[in-house]
Amino acid sequence: MSAREVVRAYHDARFRGAIEEAAALVGEPFSFRSPFISSADPAGHLAGLEGFLRVVTEVEMISELYGESEATLVYDVHTATPAGIQRTAEHFRLRDGKIATIMLIFDAAPWQPMAAAIR
């Protein structure tokens, strides 16, 4: 599969709550970094996803950029929280057809008071 196919399949599975499907697209070794967590576990970085998805009302794609072994997605996550709409950038690197690294970038300040409640 191309970088586009892998990353879009991961993105779509994650926001559908299909955790096992998303995790299957992640290789080893693996690295995930966000303002809240870092993980080297291909499935562990998705551990808090169910709680987060309970407050997501829509995901609006803004931009998708693809290279041979990398991708960047920019999207708005609409939430039913005081944080409202969260502009998000996510950079992926692939190795051997699987996601090797994910760097998730967003302003974490609006989420600080709610972080414990959605985990």
Side-chain angles (χ1 to χ4, degrees):
M1 293 195 325
S2 70
R4 182 186 195 289
E5 291 168 324
V6 171
V7 169
R8 272 316 296 252
Y10 171 87
H11 176 81
D12 294 344
R14 181 180 52 187
F15 280 107
R16 276 195 332 273
I19 295 169
E20 288 182 20
E21 189 179 326
L25 296 164
V26 174
E28 289 192 45
F30 173 72
S31 169
F32 175 87
R33 295 188 65 96
S34 81
F36 284 117
I37 65 169
S38 294
S39 177
D41 180 350
H45 77 287
L46 296 166
L49 184 61
E50 285 185 51
F52 178 65
L53 289 178
R54 284 194 295 267
V55 301
V56 173
T57 60
E58 179 185 354
V59 177
E60 179 183 0
M61 189 62 67
I62 296 169
S63 179
E64 302 174 68
L65 303 169
Y66 297 98
E68 190 172 312
S69 61
E70 68 180 314
T72 301
L73 304 180
V74 179
Y75 51 92
D76 283 343
V77 178
H78 297 249
T79 71
T81 70
I85 299 172
Q86 178 67 63
R87 172 89 16 103
T88 305
E90 194 166 20
H91 184 263
F92 300 82
R93 290 205 185 274
L94 285 78
R95 182 182 316 110
D96 300 324
K98 298 268 189 165
I99 297 169
T101 66
I102 301 172
M103 180 175 42
L104 186 66
I105 304 165
F106 62 90
D107 178 8
W111 294 96
Q112 296 296 334
M114 298 178 285
I118 62 173
R119 288 186 192 192

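Remember, predicted model here, so these are calculated numbers, not experimental data.
Remark: E5 pairs with no residue by the salt bridge (Lys or Arg N to Asp or Glu O under 4.0 Å) rule, at least two apart or across chains. Applying the salt bridge (Lys or Arg N to Asp or Glu O under 4.0 Å) criterion to R14, with sequence neighbours excluded, gives E90. Residues meeting the salt bridge (Lys or Arg N to Asp or Glu O under 4.0 Å) test with R16, sequence neighbours left out: E21. The side chain to side chain donor-acceptor pair (under 3.5 Å) test applied to E58 returns no partner, not counting sequence neighbours. Residues satisfying the side chain to side chain contact (heavy atoms under 4.5 Å, CB included) criterion with S38, sequence neighbours excluded, are R33. Every residue two or more places apart in sequence or in another chain was checked for a salt bridge (Lys or Arg N to Asp or Glu O under 4.0 Å) with D41, and none qualifies. Shown here are the side chain to side chain contact (heavy atoms under 4.5 Å, CB included) partners of E70, two or more places apart in sequence or in another chain: H91, R93. Legend: residues meeting side chain to side chain donor-acceptor pair (under 3.5 Å) with E20, ordered by chain and number and at least two apart, are absent. Residues satisfying the side chain to side chain contact (heavy atoms under 4.5 Å, CB included) criterion with R4, sequence neighbours excluded, are S2, R8, E64, Y66. Take F30 and apply the ring pair (Phe, Tyr, Trp, His ring centres under 6.0 Å) test, not counting sequence neighbours, and it matches H45.
Distance check, rounded to the nearest 0.5 Å: CZ of F52 to CZ of F15 gives 5.5 Å. The structure places CG of L53 at 7.5 Å from CD1 of I19, a figure rounded to the nearest 0.5 Å. In this structure, L104 CG and I37 CD1 are separated by 8.5 Å, a value rounded to the nearest 0.5 Å.
No donor-acceptor pair under 3.5 Å is formed between the side chain of S31 and the backbone N or O of A40. Remark: the backbone N or O of A24 is paired with a side-chain donor or acceptor of K98 at under 3.5 angstrom.
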Exercise. Take V59 and T88 through the test side chain to side chain contact (heavy atoms under 4.5 Å, CB included) and record every step on the way to the result.
Key: CA-CA 10 Å; V59 177; T88 305; over 6 Å; no
Practice problem: Please test E60 against I85 for side chain to side chain contact (heavy atoms under 4.5 Å, CB included), starting from the C-alpha separation and ending with a verdict. | Solution: CA-CA 10 Å; E60 179 183 0; I85 299 172; 5.9 Å; no
Self-check item: Stepwise side chain to side chain contact (heavy atoms under 4.5 Å, CB included) test for L46 and Y10
Solution: CA-CA 11 Å; L46 296 166; Y10 171 87; 3.7 Å; yes
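In plain terms, the two heavy atoms of T79 and T57 that are nearest each other are N-OG1, 4.0 Å. Closest approach of A13 to A22, counting heavy atoms only: CB-N, 3.8 Å. Looking at every heavy atom in both residues, P42 comes nearest to G27 through CG-O, 3.7 Å. Of all non-hydrogen atoms in A3 and L94, the two that sit nearest each other are CA-CD2, 3.9 Å.
Under a hydrophobic-cluster definition in which Ile, Leu, Val, Met, Phe, Trp and Tyr are linked whenever side-chain heavy atoms come within less than 4.5 Å, directly or via other members, V77 and M61 are assigned to the same cluster. Note: the hydrophobic cluster containing M1 does not contain L65 (ILVMFWY, side chain heavy atoms under 4.5 Å, direct or indirect links).
Connectivity analysis of hydrophobic side chains (ILVMFWY, heavy atoms under 4.5 Å, direct or indirect) links I62 to V74. Hydrophobic cluster membership for I105: M103 (Ile, Leu, Val, Met, Phe, Trp, Tyr linked by side-chain heavy atoms under 4.5 Å, directly or transitively).
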